[in-house]
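What follows is one structure encoded as structure tokens, with my remarks underneath.
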There are 2 protein chains.
Amino acid sequence: MVESNAARLDSIFHALADPTRRALLRDVSAGEKSVGDLARPHALTLAAVSKHLKVLEAAELVARQRRGSFQIVRLNAPVLHEADEWLAYYRPFWSTRLDALAQHLEQEPEGESR
Amino acid sequence: MVESNAARLDSIFHALADPTRRALLRDVSAGEKSVGDLARPHALTLAAVSKHLKVLEAAELVARQRRGSFQIVRLNAPVLHEADEWLAYYRPFWSTRLDALAQHLEQEPEGESR
DNA sequence: GTTCGATTCAACCATGTGGTTGAATGTACC
DNA sequence: GGTACATTCAACCACATGGTTGAATCGAAC
């Protein structure tokens with residue numbers, strides 16, 4: 001559906017594969033925050049948090065915007081929707097609706113790669 | 001809910017952050033496969049595929065079982081459900097139901113860490 | 001324009017990743 | 001028990017990651 005889906009999923013899942021980054025994402029889901037605000041609750045240097053934010057930004061999970069001398073970070077949730085759509089393919093496999101599974105398997109497996 | 005949720009999500013999302021591993025997962029979703037079967041369509045050595053499977057197995061996304069001289073790999077979909085549950089928290093943010101979002105934000109953000 | 005606060009950059013370090021090759025293991029078959 | 005096949009292990013490589021520290025940048029305020 002989307003063009004280079006695989007590379008996008010790479011960066012999204014990679015960004016989510018770190019507990020600090022998931023925590024940052026959760027923190028920022030409560031509303032816009034400056035980098036300093038985001039760093040404060042974590043036992044990390046600002047530079048480290050800045051790097052994590054760069055990973056989240058590369059995956060477009062957050063967006064930055066300068067406001068005065070602050071960098072304001074906000075959640076970009078629709079990107080998580082892409083991960084959700086990838087997962088959706090497997091939903092029939094953990095739900096108990098085996099008939100749905102059978103029907104599911106007749107379809108082509110959604111072309112992410114190649 | 002689960003004990004060390006964060007570490008599990010780390011390994012799950014990390015496993016999903018590679019296109020080869022996502023492809024292997026999709027391949028194995030069509031039914032049990034030997035390692036050789038799984039390796040064939042990919043332009044990789046068997047050893048490389050074996051390593052990828054080890055990552056998927058560490059995340060418990062697949063399970064192995066010896067059958068004769070073959071290693072049979074099968075999907076363990078319920079683990080994907082854990083990733084799905086993590087994502088569920090963010091669903092209100094990309095859906096347009098902003099009233100749901102407001103209600104959502106009043107709740108505690110689900111304790112994965114600390 | 002200097003100083004202060006917020007953030008990033010650069011260099012460095014230890015460790016992990018994804019791949020290779022070639023040897024080793026394990027099971028089946030004759 | 002030897003041979004063939006399926007898979008893994010070990011060693012190696014180049015490169016990415018997650019963290020640090022200290023210098024550099026950028027905007028605001030005096």
Side-chain angles (χ1 to χ4, degrees), chain A residues 6-28 31-74 112-114, chain B residues 6-28 31-74 112-114:
Chain A
R8 289 197 55 92
L9 288 171
D10 286 2
S11 66
I12 294 168
F13 283 129
H14 169 245
L16 298 182
D18 179 283
T20 301
R21 287 194 291 265
R22 288 196 304 277
L24 289 173
L25 216 55
R26 171 156 43 66
D27 292 347
V28 90
E32 300 184 333
K33 292 234 164 56
S34 73
V35 177
D37 288 344
L38 288 169
R40 201 159 306 115
H42 301 279
L44 285 176
T45 59
L46 261 169
V49 171
S50 180
K51 277 189 181 183
H52 279 305
L53 286 173
K54 226 162 36 173
V55 174
L56 289 169
E57 204 180 8
E60 296 178 61
L61 286 164
V62 301
R64 270 173 161 109
Q65 186 185 352
R66 186 167 270 287
R67 195 125 83 211
S69 55
F70 295 83
Q71 289 278 6
I72 298 299
V73 182
R74 50 161 261 272
E112 100 164 24
S113 60
R114 295 172 187 67
Chain B
R8 288 197 56 94
L9 288 171
D10 286 1
S11 66
I12 295 168
F13 283 129
H14 169 244
L16 298 181
D18 180 283
T20 300
R21 286 194 293 264
R22 287 197 305 278
L24 289 172
L25 216 54
R26 171 156 43 67
D27 293 347
V28 90
E32 299 184 333
K33 293 232 164 57
S34 73
V35 177
D37 288 343
L38 287 169
R40 201 160 304 115
H42 300 280
L44 285 175
T45 59
L46 260 169
V49 171
S50 180
K51 277 189 181 183
H52 279 305
L53 286 173
K54 228 166 28 177
V55 174
L56 289 168
E57 204 180 8
E60 295 177 63
L61 286 164
V62 302
R64 272 173 160 109
Q65 187 185 351
R66 186 167 270 288
R67 193 124 86 211
S69 55
F70 295 83
Q71 290 277 4
I72 299 298
V73 183
R74 51 162 259 273
E112 106 165 20
S113 58
R114 295 166 184 68

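Chain identifiers are assigned alphabetically (A, B, ...) following the order of the sequence lines, protein sequences preceding nucleic acid strands; residue numbering begins at 1 within each chain. Treat the numbers as computed from the prediction; the structure is a model and nothing was measured.
Atom P of nucleotide dT7(C) and atom NE2 of His52(A) are separated by 16 Å, given to the nearest angstrom. For the pair Arg40(A) CZ and dA6(C) P, the interatomic distance rounds to 8 Å; values are reported in whole Å. Atom-to-atom, CG of Leu46(A) to C1' of dA23(D) comes out at 15 Å; the value is rounded to the nearest Å. At whole-Å resolution of the value, CG in Leu44(B) and P in dG19(C) are 5 Å apart. Rounded to whole Å, atom P of dA16(D) lies 22 Å from atom CZ of Phe13(A). In this structure, Leu53(B) atom CG and dT8(D) atom C1' are separated by 11 Å, rounded to whole Å. Distance CZ (Arg64(B)) to C1' (dT7(D)): 9 Å, rounded to an integer number of Å. As a whole-Å value, the separation of Asp18(A) CG from dT17(C) C1' is 15 Å.
Taken to the nearest 0.5 Å, the OG atom of Ser11(A) stands 7.5 Å off from the CD atom of Glu60(A). From Thr45(A), atom OG1 reaches atom NZ of Lys51(A) across 8.5 Å, with rounding to the nearest 0.5 Å.
Nucleic acid contact for Arg67(A): none, since no nucleic acid atom lies under 4.0 Å from a heavy atom of the residue.
Nearer to the 5' terminus of DNA chain D, by closest-nucleotide assignment, is the contact made by Val35(B) (compared with the other of Val35(B) and Ala48(A)).
OP1 or OP2 of dC9(C) sits under 4.0 Å from a side-chain N or O of Lys54(A). Within the structure, a side-chain polar atom (N or O) of His14(B) is placed less than 4.0 Å from OP1 or OP2 of dT17(C). At dT8(C), one or more side-chain N or O atoms of Ser50(A) fall inside 4.0 Å of OP1 or OP2 (strictly under the cut-off). Proximity of Ser69(B) to the phosphate of dA28(C): no side-chain N or O atom is located under 4.0 Å from OP1 or OP2.
For the pair Ser34(B) and Val73(B), the minimum side-chain heavy-atom distance is 4.5 Å or more.
Taking every side-chain heavy atom of Arg66(B) into account, dT27(C) is the closest of dT27(C), dG22(D), dT7(D). Comparing dT8(C), dG22(C), dT7(C) by their closest approach to the side chain of Ala47(B) singles out dG22(C). Set against dA6(C), dT20(D), dG18(C), the side chain of Thr45(A) has dT20(D) as its closest nucleotide. Comparing dT20(C), dT7(D), dT7(C) against the side chain of Lys51(B) picks out dT20(C) as the nearest.
Closest approach of Leu46(A) and Ala39(A) over heavy atoms only: CD2-CB, 3.8 Å.
His14(B) and Asp18(A) form no side-chain donor-acceptor contact under 3.5 Å, judged by distance and modelled atom types alone.
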